[in-house]
Amino acid sequence: MAEKQLQLEVVTPDRKVVSTTADIVVCPGVEGQFGVLVGHVPFLSALDIGEMYYREGGKTEYLAVSGGFAEVTGTKITIVAEAAEFGREIDVERARRARERAEARLAAAKTEQIDWARAEAALRRSMVRMKVAAR
Ligand code: ATP
């Protein structure tokens with residue numbers, strides 16, 4: 001097993017984001033960040049909104065992930081994400097506007113009923129996108 005490489009696939013409802021090999025993949029699990037190497041025990045994890053990265057031949061690639069699932073086998077990790085973007089794909093202005101809208105909604109919670117979880121998730125997506133874009 002040791003000589004084998006880990007396969008990584010990231011897909012969203014819209015597209016195949018990446019299909020590659022990796023030395024290590026690190027994901028934002030709902031119960032905390034986890035790393036996967038080839039030979040990992042099989043498991044399934046729900047993903048949080050967060051940053052994921054993988055390393056391949058000394059190069060690290062970062063993606064913003066908006067929740068979903070990761071399925072791990074000994075040779076492959078498949079990520080089915082609600083949305084996922086590489087830093088270079090992220091429109092920073094759009095993410096900034098999304099953050100401003102979410103912050104305004106959360107601020108309005110003092111005087112009106114809002115969908116707190118939805119606004120908070122939008123805020124977290126925008127902040128992760130800005131973080132990954134700045135990598
Ligand atoms: P917005 O309010 O700007 O649409 P959002 O967080 O509601 O942000 P999502 O529903 O998570 O957006 O994503 C919808 C689609 O738009 C997905 O395909 C996602 O990859 C893409 N997307 C969202 N924000 C950005 C961004 N800042 N740059 C590039 N693609 C983005």
Side-chain angles (χ1 to χ4, degrees):
M1 197 73 125
E3 76 282 3
K4 277 199 183 169
Q5 273 212 292
L6 184 66
Q7 304 288 316
L8 166 66
E9 206 154 283
V10 181
V11 296
T12 72
D14 301 331
R15 65 186 181 125
K16 186 189 273 188
V17 180
V18 65
S19 179
T20 186
T21 54
D23 302 321
I24 183 168
V25 179
V26 178
C27 296
V30 286
E31 285 164 24
Q33 196 183 53
F34 63 87
V36 174
L37 301 165
V38 74
H40 201 292
V41 291
F43 78 105
L44 191 66
S45 172
L47 297 178
D48 204 351
I49 295 165
E51 177 181 77
M52 73 161 276
Y53 65 88
Y54 61 90
R55 223 169 275 145
E56 197 190 10
K59 192 162 184 270
T60 307
E61 297 277 5
Y62 296 87
L63 292 112
V65 173
S66 301
F69 285 90
E71 183 193 31
V72 176
T73 68
T75 55
K76 185 168 182 181
I77 170 164
T78 307
I79 291 170
V80 182
E82 284 162 36
E85 308 92 30
F86 283 102
R88 57 184 172 273
E89 297 174 322
I90 291 169
D91 177 340
V92 177
E93 248 331 289
R94 177 176 166 180
R96 194 169 289 136
R97 287 194 302 271
R99 183 181 69 179
E100 281 171 9
R101 282 196 305 278
E103 283 174 346
R105 259 178 233 127
L106 291 168
K110 288 183 195 125
T111 53
E112 59 188 79
Q113 278 246 317
I114 67 150
D115 184 340
W116 184 274
R118 186 176 163 187
E120 200 252 346
L123 178 62
R124 288 169 62 215
R125 288 195 301 276
S126 66
M127 295 187 67
V128 167
R129 284 181 176 127
M130 287 193 285
K131 179 179 171 187
V132 169
R135 286 271 186 200

query: Please, which pairs that meet side-chain hydrogen bond (donor to acceptor under 3.5 Å, both in side chains) have at least one residue in residues 105-118, sequence neighbours excluded?
result: none
- request: Report yes if some heavy atom in the side chain of E120 is under 4.5 Å from a heavy atom in the side chain of L123; otherwise report no.
  value: no
task: Return the minimal non-hydrogen interatomic distance between G29 and S45, and the atom names on each side.
output: CA-OG, 4.1 Å
message: Could you measure the distance from the CD atom of Q7 to the CD1 atom of I77? Nearest 0.5 Å is fine.
response: 12.0 Å
message: I'd like to check V18 versus E61 (side-chain heavy atoms, cut-off strictly below 4.5 Å). Are they in contact?
response: no
message: Could you report the tightest heavy-atom contact between A95 and S126, atom names first, then the distance?
response: O-CB, 3.3 Å
- request: Classify the ring geometry between Y62 and Y53 as parallel (under 30°), tilted (30 to 60°) or perpendicular (over 60°).
  value: tilted
Within one Ile-Leu-Val-Met-Phe-Trp-Tyr cluster: V26 and V17, side-chain cutoff 4.5 Å: no
field: Least distance between heavy atoms, A84 atom then R15 atom
entry: O-NH2, 2.8 Å
message: Any heavy-atom pair between the side chains of E85 and V132 that's under 4.5 Å?
response: no
query: What are the two closest non-hydrogen atoms of L106 and A119, and how far apart are they?
result: CD2-CB, 3.7 Å
task: Determine yes or no for a side-chain-to-main-chain donor-acceptor pair under 3.5 angstrom, with D48 supplying the side chain and E31 the backbone.
output: no
query: In terms of hydrophobic clustering (I, L, V, M, F, W, Y; side-chain heavy atoms under 4.5 Å; direct or indirect links), are L47 and V128 co-clustered?
result: no
query: How about L6 and L37: do any of their side-chain heavy atoms sit closer than 4.5 Å?
result: no
- request: Using the test ring-ring contact (aromatic ring centres under 6.0 Å, His included), find all partners of F43 that sit at least two apart in sequence or belong to another chain.
  value: F34, H40
query: Nearest heavy-atom pair of A121 and I49: which atoms, and what distance?
result: O-CD1, 3.6 Å
- prompt: What distance do I90 atom CD1 and K131 atom NZ have between them, rounded to the nearest 0.5 Å?
  reply: 11.5 Å
task: Look up atom CD1 in I79 and atom CG in L8, then write down how far apart they are to the nearest 0.5 Å.
output: 5.5 Å
query: Between atom CD of Q5 and atom CG of D23, what is the distance when rounded to the nearest 0.5 Å?
result: 6.0 Å
field: CE (M127) with more than 12 external heavy atoms under 6.0 Å
entry: no
- request: Report yes if some heavy atom in the side chain of V36 is under 4.5 Å from a heavy atom in the side chain of C27; otherwise report no.
  value: no
query: Heavy atoms, side chains only, cut-off 4.5 Å: are R129 and S66 in contact?
result: yes
- request: Answer with yes or no whether the side chains of T21 and E56 bring together a donor and an acceptor at under 3.5 Å.
  value: yes
message: To the closest 0.5 Å, what do you measure between OH (Y54) and CD1 (I24)?
response: 14.0 Å
Nearest heavy-atom neighbours spanning M52 and P28: CB-CD, 3.9 Å
message: Measuring from atom CG of L63 to atom CD of E51, what distance do you get when rounded to the nearest 0.5 angstrom?
response: 9.0 Å
